There are 2 protein chains.
Amino acid sequence: MSCSEAYTPQLRARGYRMTPQRLAILHVLHHSAKHLSPVQVYEQARADVPSLTETTVYRTLEFLAENGLAHPAHLGNGHLVYEIAGHEHHHLKCRTCGSETEVEHALLQKLYRQLESESGYHLTDSHITFFGLCPDCQKGE
Amino acid sequence: MSCSEAYTPQLRARGYRMTPQRLAILHVLHHSAKHLSPVQVYEQARADVPSLTETTVYRTLEFLAENGLAHPAHLGNGHLVYEIAGHEHHHLKCRTCGSETEVEHALLQKLYRQLESESGYHLTDSHITFFGLCPDCQKGE
DNA sequence: TTCCTTATTGCAACTTTTTGCAATAGTATA
DNA sequence: TATACTATTGCAAAAAGTTGCAATAAGGAA
Ligand SMILES: [Mn+2]
Ligand SMILES: [Mn+2]
Ligand SMILES: [Zn+2]
Ligand SMILES: [Zn+2]
């Protein structure tokens, strides 16, 4: 299934339009193995849509995140990066060497339930970064 | 105990210096009831140290965070805010109305332990924001 | 196909945050 | 108290991110 076939109906269903810019950006995210910064997305998507601007990339990434097609992440440098939605997970990142590990959301399921029942909130987010020391860097302490 | 008496030794012990700028910024954080943006810190701390620059505020907040005297937070708008360290907690924030609730870190203790034993990482961070819908906003769904 | 509505884009100006570097000023030592 | 070392600051310039607005174009209706 192409990116267009996959994502266009999702946008239409919410009253939004598919555009070459959005499609190019979705395509970049969909085929990236890792989180991408807005500038990285811009540079790659520009190959498809030369008229693309950084303004549109920033707005589109935020739009996709609001509509559940992309997930923003804070990986510790204070800057947002994005990835395509679909795989529910979180991250563990080492403060010393920067190494990262994924954590399945299923592992936090229980905690989410507990937080929900204690607070009354219904938790919707599932892309969090926890920080710490990786096994290797603990040795060097 | 004054801010200076409290924080100077902590910096010295790590080989850093206490300066009027750092003291003013720590003072602002210490006496604030809520998270502050770098610009808010700048405007308040400038009353103490008129020569203070925004550059120094950004660098100092990052420095204080790295050294455990301040905690950065992502409250959902993509911008970092800071608060003084000392009270281990997390946040629940409503995506619809923006309301916030604190969660004691003790509540996540078990999860942290579980993540640690499964991943081998030693988790150090304890200032996370979970997003969802507050009780009121769930009704309006 | 053509027309119409309005969501979306690009541009330009602006705000926020980061960076390199030379000047300044804590603080340890004598 | 004076000196030396170097961590820290302020400045200027650059990079990253945001906003208002007029022009464009997606897509439903005719
Ligand atoms: Mn991820
Ligand atoms: Mn907090
Ligand atoms: Zn590590
Ligand atoms: Zn709410």
Side-chain angles (χ1 to χ4, degrees), chain A residues 3-5 7-28 35-46 48-67 69-70 72-82, chain B residues 3-5 7-28 35-46 48-67 69-70 72-82:
Chain A
C3 282
S4 175
E5 287 166 340
Y7 298 118
T8 302
Q10 296 190 57
L11 294 187
R12 295 271 178 83
R14 289 164 168 266
Y16 300 117
R17 300 172 182 176
M18 180 55 83
T19 66
Q21 291 86 345
R22 285 180 178 171
L23 193 53
I25 289 167
L26 281 164
H27 186 80
V28 167
H35 302 132
L36 296 175
S37 71
V39 173
Q40 291 174 313
V41 170
Y42 168 69
E43 282 167 358
Q44 292 186 38
R46 204 157 48 136
D48 266 317
V49 181
S51 71
L52 186 66
T53 61
E54 290 186 279
T55 301
T56 295
V57 172
Y58 282 106
R59 279 197 283 227
T60 300
L61 290 171
E62 189 178 353
F63 166 83
L64 294 175
E66 278 170 357
N67 289 283
L69 302 197
H74 293 287
L75 261 33
N77 58 5
H79 291 227
L80 279 174
V81 290
Y82 292 84
Chain B
C3 283
S4 175
E5 288 166 340
Y7 298 118
T8 302
Q10 296 189 56
L11 295 187
R12 294 271 178 84
R14 289 164 168 266
Y16 299 116
R17 300 172 182 176
M18 180 54 83
T19 66
Q21 291 87 343
R22 285 180 177 170
L23 194 53
I25 290 168
L26 281 164
H27 186 82
V28 167
H35 303 132
L36 296 175
S37 71
V39 172
Q40 290 174 314
V41 171
Y42 168 67
E43 282 168 358
Q44 292 186 39
R46 202 155 51 133
D48 266 318
V49 181
S51 71
L52 185 67
T53 61
E54 290 185 281
T55 301
T56 295
V57 171
Y58 281 106
R59 280 197 283 228
T60 300
L61 290 171
E62 191 179 353
F63 166 84
L64 294 175
E66 278 168 358
N67 289 283
L69 303 197
H74 293 287
L75 260 33
N77 58 6
H79 291 229
L80 280 173
V81 290
Y82 292 83

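In what follows, chains carry the letters A, B, and so on, assigned in the order in which the sequence lines appear, proteins first and then strands, with residues in each chain numbered from 1. All values derive from a computational prediction rather than experimental measurement.
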Query raised in the report: CD/A/Gln21 to CG/A/Leu26 distance, rounded to the nearest 0.5 angstrom?
Result: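 So the gap between those two atoms works out to 11.5 Å.
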Query - Spatial distance of atom CD (A/Gln44) from atom NE2 (A/His27) [nearest 0.5 Å] - result: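 Reported to 0.5 Å precision, the distance equals 9.5 Å.
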Report task. Please state whether the phosphate of C/dT9, meaning OP1 or OP2, lies under 4.0 angstrom from any side-chain nitrogen or oxygen of A/Thr56. Result ->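 Indeed not, no polar side-chain atom of A/Thr56 lies that close.
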Query raised in the report: If only side-chain N and O atoms of A/His79 are considered, is one of them under 4.0 Å from the OP1 or OP2 phosphate oxygen of C/dT18?
Result: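 Affirmative; the distance criterion is met.
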Atom pair distance, as rounded to whole Å: [atom1] in [X] and [atom2] in [N]:
{"X": "B/Phe63", "N": "D/dT9", "atom1": "CZ", "atom2": "C1'", "value": "13 Å"}
{"X": "B/Tyr82", "N": "C/dT17", "atom1": "OH", "atom2": "C1'", "value": "10 Å"}
{"X": "A/His74", "N": "C/dT17", "atom1": "NE2", "atom2": "P", "value": "13 Å"}
{"X": "A/Asn77", "N": "C/dT19", "atom1": "CG", "atom2": "P", "value": "10 Å"}
{"X": "A/Glu54", "N": "C/dT16", "atom1": "CD", "atom2": "P", "value": "19 Å"}
{"X": "A/Arg22", "N": "C/dT8", "atom1": "CZ", "atom2": "C1'", "value": "6 Å"}
{"X": "B/Tyr58", "N": "C/dT15", "atom1": "OH", "atom2": "P", "value": "13 Å"}
{"X": "A/Asn67", "N": "C/dA7", "atom1": "CG", "atom2": "P", "value": "13 Å"}

Between [X] and [Y], what is the shortest heavy-atom contact and its length?
{"X": "A/Gly78", "Y": "B/His74", "value": "CA-CE1, 4.3 Å"}
{"X": "B/Tyr7", "Y": "B/Leu69", "value": "CD2-CD1, 4.2 Å"}
{"X": "B/Leu52", "Y": "B/Arg46", "value": "CD2-N, 4.0 Å"}
{"X": "B/Ala24", "Y": "B/Val49", "value": "CB-CG2, 3.8 Å"}

Requested in this report: Please examine the side chains of A/Val39 and A/Tyr58, heavy atoms only from C-beta on, and report whether any two atoms are closer than 4.5 Å.
Outcome: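 Contact flag for A/Tyr58/A/Val39 side chains = yes.
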Query raised in the report: C/dC11, C/dT17, D/dG10: which one has an atom nearest the side-chain heavy atoms of B/Pro38?
Result: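 Nearest to the side chain of B/Pro38 among the choices is C/dT17.
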Query raised in the report: Between C/dC11, C/dT17, D/dC11, which nucleotide gets closest to the side-chain atoms of A/Thr55?
Result: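 That would be C/dC11.
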Query raised in the report: Just one of A/Val57, A/Thr19, A/Asp48 clears the side chain to side chain contact (heavy atoms under 4.5 Å, CB included) bar with A/Ile25, so which one?
Result: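 One option only clears the test, and that one is A/Val57.
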**Report entry** Degree of bending, the helix from C/dT1-D/dA30 to C/dA30-D/dT1 (end axes from five pairs; round to 10°)
**Finding:**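 The end-segment axes of the helix from C/dT1-D/dA30 to C/dA30-D/dT1 are tilted 30° relative to each other.
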Requested in this report: Let me know, please, whether A/Glu62 or B/Val49 comes out on the 5' side of the other along DNA chain D by nearest nucleotide.
Outcome: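 It is B/Val49 whose nearest nucleotide is closer to the 5' end.
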Query raised in the report: Going 5' to 3' along nucleotides 21-30 of chain D, which nucleotides have protein heavy atoms under 4.0 Å from the base (write B), which only from the sugar-phosphate (write S), and which from neither (write -)?
Result: B---BBSS--
Query raised in the report: Hey, which of these two, A/Thr60 or B/Val39, hits DNA chain C nearer its 5' end, going by closest nucleotide?
Result: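 Looking at DNA chain C, the more 5' nearest nucleotide goes with A/Thr60.
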List, one per line, each side-chain donor-acceptor pair under 3.5 Å for residues 59-67 of chain A, sequence neighbours excluded.
| from | atom 1 | to | atom 2 | distance (Å) |
| --- | --- | --- | --- | --- |
| A/Thr60 | OG1 | A/Thr56 | O | 2.7 |
| A/Asn67 | OD1 | A/Arg14 | NH1 | 3.1 |
| A/Asn67 | ND2 | A/Phe63 | O | 2.9 |

